[in-house]
Amino acid sequence: MKKYLSFLSFIALFFIGMQFSTAQNADRQQSPEAIAKQKTYELHELVNLTGGQQSAIFKVLVDAEQNMGELVKRDKSDKLRQEGVKTVNERVEENFKKILTPEQYKTYQASLVTDKK
């Protein structure tokens with residue numbers, strides 16, 4: 001009887017541990033919309049976006065995050081993944097250049113250089 005009780009306790013602890021593990025993984029994987037919202041907010045803090053700019057930037061970033069989500073599932077050495085990431089980043093830069101004013105875009109570019117250092 002003591003063995004069964006120990007075994008059942010072990011099983012219960014195992015499942016409790018699995019629940020915590022699953023909850024932590026779910027927190028780490030955010031939706032593309034949540035990531036885009038955070039990035040839009042950070043860009044707004046950097047360059048003071050207007051309402052229209054915020055909406056346009058958000059749409060661009062949601063699209064980019066959805067595409068990146070699919071590309072990240074591929075193997076890192078996959079040529080298609082590398083080209084896809086490059087294409088998505090180029091598209092984001094093109095759209096940012098269209099949406100932002102020249103001064104805002106210059107500030108954005110300067111922040112990218114600072115972040116890389």
Side-chain angles (χ1 to χ4, degrees):
M1 183 72 168
K2 193 173 184 180
K3 287 182 182 180
Y4 292 120
L5 189 57
S6 296
F7 180 70
L8 290 176
S9 297
F10 175 76
I11 296 294
L13 288 173
F14 176 77
F15 283 115
I16 290 171
M18 290 298 294
Q19 287 291 345
F20 285 122
S21 173
T22 304
Q24 289 175 353
N25 285 338
D27 289 342
R28 287 188 200 131
Q29 296 177 354
Q30 295 179 336
S31 69
E33 290 81 9
I35 296 169
K37 184 178 180 180
Q38 179 63 32
K39 288 183 178 181
T40 302
Y41 176 75
E42 291 169 2
L43 187 59
H44 171 66
E45 290 291 308
L46 181 68
V47 297
N48 277 338
L49 298 172
T50 65
Q53 287 176 319
Q54 285 182 21
S55 176
I57 293 287
F58 178 75
K59 289 177 184 174
V60 168
L61 290 174
V62 167
D63 183 49
E65 289 300 326
Q66 288 172 340
N67 290 331
M68 286 291 205
E70 293 299 318
L71 291 170
V72 169
K73 293 177 185 174
R74 295 180 171 272
D75 186 52
K76 285 187 178 188
S77 62
D78 186 3
K79 191 86 168 158
L80 184 60
R81 175 185 172 166
Q82 295 170 357
E83 291 173 4
V85 168
K86 183 179 177 185
T87 302
V88 169
N89 288 334
E90 287 172 353
R91 226 184 291 149
V92 168
E93 288 300 313
E94 288 173 11
N95 285 317
F96 276 17
K97 198 168 191 173
K98 291 177 189 174
I99 296 167
L100 300 174
T101 65
E103 296 83 25
Q104 288 174 324
Y105 190 74
K106 186 177 179 181
T107 303
Y108 166 70
Q109 287 294 324
S111 76
L112 292 179
V113 171
T114 306
D115 288 345
K116 289 181 180 178
K117 288 182 181 179

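Owing to the predicted nature of the structure, the values given are computational and were not obtained by experimental measurement.
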Any residue meeting side-chain contact (heavy atoms from CB on, under 4.5 Å) with V85, in chain and number order, not counting sequence neighbours:
M68, L71, R81, N89
Interatomic distance, L49 atom CG to L43 atom CG [nearest 0.5 angstrom]:
4.5 Å
Walk me through whether D63 and V60 qualify under side chain to side chain contact (heavy atoms under 4.5 Å, CB included).
CA-CA 5 Å; D63 183 49; V60 168; 6.0 Å; no
Partners of E83 by salt bridge (Lys or Arg N to Asp or Glu O under 4.0 Å), sequence neighbours excluded?
none
If you link ILVMFWY side chains whenever their heavy atoms are less than 4.5 Å apart, which other residues fall into the same cluster as V62? By chain and number, please.
F58
Name each donor-acceptor pair under 3.5 Å that joins a side chain in residues 96-103 to protein atoms two or more places apart or in another chain, with its distance.
{"residue": "T101", "atom": "OG1", "partner": "Q104", "partner atom": "N", "Å": "3.2"}
{"residue": "T101", "atom": "OG1", "partner": "Q104", "partner atom": "OE1", "Å": "3.3"}

What residues, two or more places apart in sequence or in another chain, satisfy side-chain contact (heavy atoms from CB on, under 4.5 Å) together with S55?
K59
Sequence neighbours excluded, every pair satisfying ring pair (Phe, Tyr, Trp, His ring centres under 6.0 Å) that has a member inside residues 60-79
none
Please list, chain by chain and in numerical order, all residues satisfying side-chain hydrogen bond (donor to acceptor under 3.5 Å, both in side chains) with T50, sequence neighbours excluded.
Q53
Decide whether L80 and V72 are clustered together by the hydrophobic rule: side chain heavy atoms of Ile, Leu, Val, Met, Phe, Trp, Tyr closer than 4.5 Å, transitively.
no
Please identify each residue that fulfils side-chain contact (heavy atoms from CB on, under 4.5 Å) with K86, with sequence neighbours left out.
E90
Show every side-chain hydrogen bond (donor to acceptor under 3.5 Å, both in side chains) that has at least one partner inside residues 32-42, sequence neighbours left out.
Q38-E42, K39-E65, Y41-E45
Close side-chain approach of L61 to I35, heavy-atom, < 4.5 Å
no
List in chain and number order the residues that pass side-chain hydrogen bond (donor to acceptor under 3.5 Å, both in side chains) with Y108, two or more places apart in sequence or in another chain; answer none if no residue qualifies.
E93
